[in-house]
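Beneath this line is the structure, given in structure tokens, with notes to follow.
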Amino acid sequence: MLKISNGVEIADWQIDMTAIRAQGAGGQNVNKVSSAIHLRFDINSSTLPPFYKERLLKISDSRITSDGVIIIKAQKHRTQEKNRIDALERLKELILSAVTVQKVRRATRATRGSQRRRMDKKTQRGQTKSMRSKKIDY
């Protein structure tokens, strides 16, 4: 059971986890041990509330297929159990990031004083540069 929030949980039967061989360099165990986890979660057939499903399907994330399946591959750790926990945490973070509502940005303008100060600093820098480039003949 993966707890997303107070009222939202995902049952274990909805999450499909498969052990696969991890990529990359390894030692003697690399060809024998399946320590990476391949997690699949179908958004449409899950018991998530409709609001969660809508927000997840709207996200343009490479981990979400066009069919609405979240695919996460966890292979950071050496043990299968740590990779399983990591995959579940990443699924939870993805779902929570989809549900958080972004604050609407209101366009603002720079104040006249800040514009004037910026222009004064620019002219000051330009004058000091021009003074350095001038050669003084004696």
Side-chain angles (χ1 to χ4, degrees):
M1 186 75 67
L2 179 64
K3 187 172 183 172
I4 305 297
S5 65
N6 289 336
V8 180
E9 293 178 342
I10 298 174
D12 292 334
W13 61 269
Q14 296 177 25
I15 302 171
D16 179 36
M17 284 193 269
T18 313
I20 57 173
R21 291 192 180 137
Q23 293 176 324
Q28 296 172 343
N29 278 346
V30 74
N31 294 324
K32 297 186 286 184
V33 180
S34 298
S35 61
I37 295 293
H38 200 258
L39 181 143
R40 295 176 67 83
F41 176 70
D42 191 3
I43 299 169
N44 294 319
S45 66
S46 68
T47 58
L48 285 173
F51 174 72
Y52 281 67
K53 289 182 183 181
E54 284 177 26
R55 297 297 297 257
L56 275 171
L57 292 172
K58 283 183 184 177
I59 291 179
S60 61
D61 195 315
S62 61
R63 297 174 288 185
I64 301 175
T65 64
S66 58
D67 301 332
V69 178
I70 298 174
I71 299 173
I72 296 174
K73 184 177 181 182
Q75 59 181 5
K76 283 183 191 174
H77 305 284
R78 289 178 60 121
T79 63
Q80 195 177 96
E81 189 56 37
K82 285 184 181 177
N83 282 329
R84 180 175 279 118
I85 293 168
D86 182 42
L88 290 172
E89 283 298 316
R90 284 165 49 191
L91 175 65
K92 181 178 177 178
E93 287 173 13
L94 179 66
I95 293 171
L96 287 176
S97 70
V99 175
T100 54
V101 179
Q102 293 290 323
K103 186 178 174 183
V104 178
R105 184 190 177 279
R106 291 189 312 159
T108 58
R109 294 181 64 170
T111 61
R112 188 174 293 154
S114 68
Q115 289 175 350
R116 187 174 291 127
R117 285 190 298 273
R118 191 181 94 244
M119 297 310 289
D120 290 344
K121 284 182 183 178
K122 285 180 76 166
T123 53
Q124 215 172 24
R125 282 194 306 265
Q127 288 172 354
T128 55
K129 270 189 176 178
S130 67
M131 293 299 288
R132 277 188 262 152
S133 65
K134 289 183 181 177
K135 293 184 181 179
I136 302 172
D137 293 327
Y138 292 102

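Worth knowing before you read on, the calculation uses all heavy atoms, side chains too, and leaves out hydrogens, waters and symmetry mates. Since the structure is predicted, the reported quantities are computational estimates derived from the model, not experimental observations.
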- Please lay out, stage by stage, how Met119 and Arg116 fare under the test side-chain contact (heavy atoms from CB on, under 4.5 Å). CA-CA 5 Å; Met119 297 310 289; Arg116 187 174 291 127; 5.9 Å; no
- Task: Check the pair Val8, Ile95 against side-chain contact (heavy atoms from CB on, under 4.5 Å), reporting the backbone distance first and the verdict last.
- Result: CA-CA 11 Å; Val8 180; Ile95 293 171; over 6 Å; no
- Task: Quick one: closest heavy-atom pair of Ile64 and Leu56, and the distance?
- Result: CD1-O, 3.5 Å
- Note on the structure: Smallest heavy-atom separation, Ser46 atom then Gln14 atom, equals CB-OE1, 3.4 Å
- Item | Pairing residues for Glu81 by the salt bridge (Lys or Arg N to Asp or Glu O under 4.0 Å) criterion, not counting sequence neighbours | Arg84
- Task: Not counting sequence neighbours, which residues clear side-chain contact (heavy atoms from CB on, under 4.5 Å) with Glu54? List them please.
- Result: none
- Query: Closest heavy-atom contact between Asp67 and Asn44?
  - Reply: O-ND2, 3.2 Å
- Looking only at atom types and distance, does a side-chain atom of Lys3 sit under 3.5 Å from a main-chain N or O of Glu9, one as donor and one as acceptor? no
- For the residue pair Leu88 and Met17, establish whether any side-chain heavy-atom pair is separated by less than 4.5 Å. yes
- Side chain proximity check, Phe41 to Leu48, heavy atoms < 4.5 angstrom: yes
- Output all residues satisfying salt bridge (Lys or Arg N to Asp or Glu O under 4.0 Å) with Arg63, sequence neighbours left out; order by chain, then residue number. Asp61
- Query: Other than Val69, what residues sit in its cluster of Ile, Leu, Val, Met, Phe, Trp and Tyr side chains whose heavy atoms are under 4.5 Å apart, directly or through others?
  - Reply: Ile71
- Closest heavy-atom contact between Ala87 and Ile37? CB-CG2, 4.3 Å
- Is any side-chain heavy atom of Val101 closer than 4.5 Å to a side-chain heavy atom of Arg55? yes
- Residues in side chain to side chain donor-acceptor pair (under 3.5 Å) with Asp42, at least two apart? Ser45
- Note on the structure: salt bridge (charged side-chain N to carboxylate O under 4.0 Å, His left out) pairs touching residues 86-110, sequence neighbours excluded, are Asp86-Arg90
- Query: Can any side-chain N or O of Asn83 pair as donor or acceptor with the backbone N or O of Ser35 at less than 3.5 Å?
  - Reply: yes
